[in-house]
**Q** 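Right, I'll just put the structure down here and ask away after.
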Amino acid sequence: MADYTTEVLIIGTGPAGSAAAALLSGYGISNMVVNRYRWLANTPRAHITNQRTMEVLRDLGREVEDEAYMFATHQDLMGENIFCESIAGEEIGRMKAWGTHPLSRAEHQMSSPTKMNDLPQTFMEPLLFKTACQRGTEARMSTEYLGHVQDETGVTTTCKDRLSGREFTIRSKYLIGADGGRSLVAEHAGLPFEGKMGVGGSMNIHFRADLSKYVAHRPSVLYWVMQPGADVGGIGMGLVRMVRPWNEWLIVWGYDINAPEPEVTPEFATNVARQLIGVPDLEIDLISASVWTVNNYYATRTSNGRVYCMGDAIHRHPPSNGLGSNTSIQDAFNLAWKLAMVLKGQAGEKLLDSYDAERAPVAKQIVTRANQSIAETGPIFAALGMAEGVSPEQMQTNLEARTEGTPEAEAQREAIRKAIAFKKYEFDAHGVEMNQRYRSEAVLTDGQLEPDFQLDADLHYQPTTWPGARLPHAWLYRHDNGAGVSTLDLCGKGRFTLLTGLGGEAWARAATQVAADLGIDLVTHVIGPRQTYADHSGDWARISEIRDNGCILVRPDHHVAWRATSAHEAPEAEIARVLRSVLAL
Ligand code: FDA
């Protein structure tokens, strides 16, 4: 007999665990979350928060989304991605990043009702955790996961209360391992991994110093410092990262993973900060310093039986592209509704298999992308004449050469420009963030062909309602007051949604009837003139890829489950076939 029981036990209160807890509580599922430490993230690791993550927060509630914006640094202050000799020294180049280039900004605005922003993990975690606890999650801090055993009906997990030293057990129907990059849950569940841990060494130096006079006129979250040694280990270049504008910073500086791990004393940390900022007597208020390793490692299976892992537990990679916390929160959004529906008896257990089918490819994609981004800094160093093995004196000479009026210098300037522009694959990769199209048994294409990407799929998001893709955003307008409402706002909140148009009322009636028969939550919307929502701008008609009398069935995580391009003679039978298939009933 276990000491405690809950439906879902979550190990870890990071972005993955806290998001899973908040979502499950919102769906009315009892859950408990444990963290070995007494509190949440004590360093502002993750910060770039992309639109897809903000859509998850918006789904949690407008008050959650609004609070995130309140604490975040606005997108307008994120984008002058600077490459320089040092913060106070000469600037070498820059590129507009994170959706701040006017063309990229237009794509962002057309893709989502939300905005990318910079929300340090020290704000994101408390927001998600508070939301979870307010909505019913039982949280136990200073509680360490030790091990678990599972059987046909549930999982018994042993934890240790670190305050008293007492060990106790928790019985749950499912266990979520959201316990980060050294996940014991993933290890105990025997998840298979590919890749390598520890491919590079890096350190974080977190400090306060007012650098306004060097940066406020060229606002950015990232200032990249090209100095000898900056391409060793780490994330490709020396980084001075804004935590709060413009007086709190995090330096990321690499070390050779094959050399002994450096001891980052306050003196050492202060010297690195002075060197990268380029002010020899700069006074810094050091907050913390720590070392970490760059990993290139992902799970090829994300679950085993009743144990599901998410976040860094299944994808371990460098912070390049800012994908870690974002993907962790999105993992939770994928799994939580499935667990809820299975636990409520509204779906068959097989629905849970789709978590692995849908998220394991994403884990591989983002780990590969982030590591590739590190490698893609090489051409900048090469163009500057700063490649590995060149002496510091020669590097300085090569760097100076670009300022001359010779054809060689002109060619060098061109090479530098090209190498920097290519970094949009790290700093403005909207497609990487938004283009996920799921293939699994929780999606039904009925043989419809996947649309090709018209533009580079890493750089540009391409809306489609092809089943498996995220429902495209378009602004609709309320009939009663003309207020704009996103198509995404009509969906989510743990429910299925059926969208149709005038002439498609039979789909709506059929879906309501089938949902009642199956006992599931489903809402329907007929979009058109004099309906609750109208498509006055025509944006929805342009991207919906169905006729007005067709329909789109959307899962609670905003991904399209199925669509019919036009009317059907037996809509009720069709919807019943589809829902039974998607929900593994
Ligand atoms: P996370 O590691 O955050 O949380 C794990 C949780 O499990 C913690 O609560 C821990 O205490 C708990 N735990 C572990 N073992 C336990 C045990 N045995 N018992 C009980 N509890 C246990 N990402 C991003 O999206 N955008 C960005 O801009 C950046 N930037 C960035 C910069 C730097 C310098 C770093 C190092 C990292 C980033 N990241 C990032 C990555 C991001 O920080 C990371 O991907 C997320 O924190 C992962 O969230 P998880 O919830 O999966 O794990």
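Every number for a ligand or one of its atoms is a count from 1 in the order of the listing. The structure displayed is predicted, hence computed values, not measured ones. When a residue number appears, it is its place in the shown sequence, counting from 1.
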**Q** Just checking Arg244: does its CZ atom have more than 12 heavy atoms from other residues, nucleotides or ligands closer to it than 6.0 angstrom?
**A** yes
**Q** Any idea how His430 and His108 line up, ring-wise: parallel (<30°), tilted (30 to 60°), or perpendicular (>60°)?
**A** parallel
**Q** For atom 50 (P) of ligand 1, what is the closest protein heavy atom, and at what distance to 0.1 Å?
**A** Pro15 CD, 3.9 Å
**Q** Under 4.0 Å from a heavy atom of Tyr37: which atoms of ligand 1 are those, numbered in the order shown and with their elements?
**A** 11 (O)
**Q** Under 4.0 Å from any heavy atom of Ser328, which atoms of ligand 1 are there?
**A** 48 (C), 49 (O), 52 (O)
**Q** Arg105 vs Asp76, test: salt bridge (charged side-chain N to carboxylate O under 4.0 Å, His left out). Steps then yes/no.
**A** CA-CA 10 Å; Arg105 184 177 294 245; Asp76 288 346; 2.9 Å; yes
**Q** Provide, to 0.1 Å, the distance between atom 23 (N) of ligand 1 and the closest protein heavy atom, together with that atom's residue and name.
**A** Ser325 N, 3.0 Å
**Q** In the protein, what heavy atom is nearest to atom 53 (O) of ligand 1, and what distance, to one decimal place, separates them?
**A** Gly180 CA, 3.6 Å
**Q** Under a 4.0 Å heavy-atom limit, does Arg182 contact ligand 1 with its side chain, its backbone, both, or neither?
**A** neither
**Q** Just which atoms of ligand 1 are under 4.0 Å from any heavy atom in Asn204?
**A** 34 (C)
**Q** Side chains of Arg359 and Tyr438: donor-acceptor distance under 3.5 Å anywhere?
**A** yes
**Q** Rounded at 0.5 Å granularity, tell me how far CD in Glu65 sits from OG1 in Thr53.
**A** 12.0 Å
**Q** Evaluating non-hydrogen atoms only, which member of Gly14, Ala16, Ala46, Ala178 is closest to atom 40 (C) of ligand 1?
**A** Ala46
**Q** Using the six-membered ring wherever Trp is involved, compare the ring planes of Trp224 and Phe427 and label them parallel, tilted or perpendicular (cut-offs 30° and 60°).
**A** tilted
**Q** Less than 3.5 Å apart, any donor N or O on the side chain of Asn204 or Ser290 sitting next to an acceptor on the other?
**A** no
**Q** Take atom CD in Gln365; do more than 12 heavy atoms of anything else shown fall under 6.0 Å from it?
**A** yes
**Q** Give the atom numbers and elements of ligand 1 that come within less than 4.0 Å of a heavy atom of Gly311.
**A** 52 (O)
**Q** Which residue and non-hydrogen atom of the protein lie closest to atom 47 (O) of ligand 1, and at what distance in Å?
**A** Gln121 NE2, 2.9 Å
**Q** Are any of the heavy atoms in Thr143 under 4.0 Å away from ligand 1?
**A** yes
**Q** Pull out every atom of ligand 1 sitting under 4.0 Å from any heavy atom of Thr13, numbered as shown with elements.
**A** 6 (C), 9 (O)
**Q** Below a 4.0 angstrom heavy-atom separation, can you tell me which part of Leu146, side chain or backbone, both or neither, approaches ligand 1?
**A** neither
**Q** So which heavy atom in the protein is nearest atom 15 (N) of ligand 1, and how far is it from that ligand atom?
**A** Arg36 NH1, 3.5 Å
